[in-house]
Amino acid sequence: MNTVKSYSRSNTVDLIISAMLIALVFVSTVLLNIKLPITANGGLVHLGTGMLFIASILFGPKKGAIAGAVGMGLFDLISGWTLWAPFTIVARGLQGYIVGKIAWSNGRNGNSYAFNLVATICSVPFMLAVYYICERVIFGSWVIPLASIPGNLIQNVVGMCVALPVCVVLKKVPIFK
């Protein structure tokens with residue numbers, strides 16, 4: 001009987017944490033987003049990428065992937081970017097998983113600043129590739145999607161500049177040690 005209660009309690013806590021991370025990614029994406037004036041498909045800069053990185057570094061690959069995919073996918077659905085939602089779910093889920101997997105590799109659990117930085121940098125080409133292929137399908141051209149790469153790079157750099165210092169501070173909080 002104790003095993004069932006313990007298992008149920010841990011599942012409930014995991015569900016609550018995942019839901020809170022999804023909400024944090026969603027709200028941080030909605031709260032401040034700036035459409036870049038690069039081209040029509042130049043992209044957005046928002047704090048959701050930073051929150052995705054924070055979720056992945058603090059909670060690992062699964063929760064990071066779920067938070068990024070669902071949080072930013074919901075943003076696309078409610079904000080007029082509905083066509084992009086399926087691609088965002090794939091791109092951001094993959095990005096969150098990669099960041100968490102590298103940051104949590106070999107028992108590090110997101111405690112290494114160097115690996116956290118490497119993790120965020122390594123995730124960027126995968127996100128770029130998914131969106132590039134998506135735009136190739138939507139626009140029917142291999143050239144048009146090139147215009148969105150600078151905006152996506154800016155978005156990821158802003159996310160890194162926000163997330164990495166925040167993670168350093170949060171890792172000092174007893175619950176994350």
Shared hydrophobic cluster, [X] / [Y] (ILVMFWY, side-chain heavy atoms < 4.5 Å):
| X | Y | answer |
| --- | --- | --- |
| Leu21 | Leu94 | no |
| Val143 | Val137 | no |
| Leu15 | Ile175 | no |
| Leu117 | Leu153 | yes |
| Val30 | Val27 | yes |

Distance from [X] atom [atom1] to [Y] atom [atom2], nearest 0.5 Å?
| X | Y | atom1 | atom2 | result |
| --- | --- | --- | --- | --- |
| Leu164 | Thr120 | CG | OG1 | 5.0 Å |
| Leu24 | Leu31 | CG | CG | 11.0 Å |
| Ile22 | Met51 | CD1 | CE | 11.5 Å |

Please set out all donor-acceptor pairs under 3.5 angstrom arising from side-chain atoms of residues 55-72, sequence neighbours excluded.
from  : atom 1 : to    : atom 2 : distance (Å)
Ser56 : OG     : Leu52 : O      : 3.0
Ser56 : OG     : Gly96 : O      : 3.0
Lys63 : NZ     : Asp14 : OD1    : 3.2

- [ ] Please say whether more than 12 non-hydrogen atoms of neighbouring residues, nucleotides or ligands are located less than 6.0 Å from CZ in Phe126.
- [x]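 No - once you tally the heavy atoms of other residues, nucleotides and ligands closer than 6.0 Å, there are 12 at most.
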Open item on the list: Within the supplied structure, the quantity of interest is the number of heavy atoms (other residues, nucleotides, ligands) at a distance under 6.0 Å from Tyr97 OH; does it exceed 12?
Closed with: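 Not more than 12 within 6.0 Å, no.
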Task: Summary of salt bridge (Lys or Arg N to Asp or Glu O under 4.0 Å) pairs that have at least one residue in residues 90-116, sequence neighbours excluded - done: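 Of all non-adjacent pairs touching residues 90-116, none passes salt bridge (Lys or Arg N to Asp or Glu O under 4.0 Å).
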Closest heavy-atom contact between [X] and [Y]?
| X | Y | value |
| --- | --- | --- |
| Leu170 | Phe176 | O-CD1, 3.3 Å |
| Asn156 | Met127 | ND2-SD, 3.1 Å |
| His46 | Asn33 | CB-CB, 3.6 Å |
| Ile98 | Ala119 | CG2-O, 4.5 Å |
| Ile89 | Gly73 | CG1-CA, 4.0 Å |
| Gly110 | Asn116 | O-ND2, 3.0 Å |

Report yes if the side chains of [X] and [Y] come closer than 4.5 Å at any heavy-atom pair, otherwise no.
| X | Y | answer |
| --- | --- | --- |
| Val158 | Thr49 | no |
| Phe115 | Ser105 | yes |
| Tyr132 | Leu146 | yes |
| Ile133 | Val130 | no |
| Phe26 | Ile78 | yes |
| Val124 | Met160 | yes |
| Glu135 | Ser148 | yes |

Task: Cys161: partners by side chain to side chain contact (heavy atoms under 4.5 Å, CB included), with sequence neighbours left out - done: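 Result, side chain to side chain contact (heavy atoms under 4.5 Å, CB included) vs Cys161: Val157.
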Open item on the list: Before you tell me yes or no, could you show the steps for Val25 and Phe75 under side chain to side chain contact (heavy atoms under 4.5 Å, CB included), namely the whole-Å CA-CA distance, both residues' side-chain angles and the distance that decides it to 0.1 Å?
Closed with: CA-CA 9 Å; Val25 170; Phe75 168 77; over 6 Å; no
- [ ] I would like to know whether Thr82 and Asp76 meet side chain to side chain contact (heavy atoms under 4.5 Å, CB included); could you show each step before the answer?
- [x] CA-CA 5 Å; Thr82 308; Asp76 282 355; over 6 Å; no
Task: Intermediate values then yes/no, side chain to side chain contact (heavy atoms under 4.5 Å, CB included), Ile102 and Val99 - done: CA-CA 5 Å; Ile102 294 171; Val99 170; over 6 Å; no
Open item on the list: Treating Tyr113 as the side-chain partner and Pro165 as the backbone partner, does any N or O pair qualify as donor plus acceptor under 3.5 Å?
Closed with: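 No, because the side chain of Tyr113 does not come within donor-acceptor range (under 3.5 Å) of the backbone of Pro165.
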Task: side chain to side chain contact (heavy atoms under 4.5 Å, CB included) between Phe53 and Gln95, intermediate numbers included - done: CA-CA 9 Å; Phe53 291 154; Gln95 189 172 25; 3.6 Å; yes
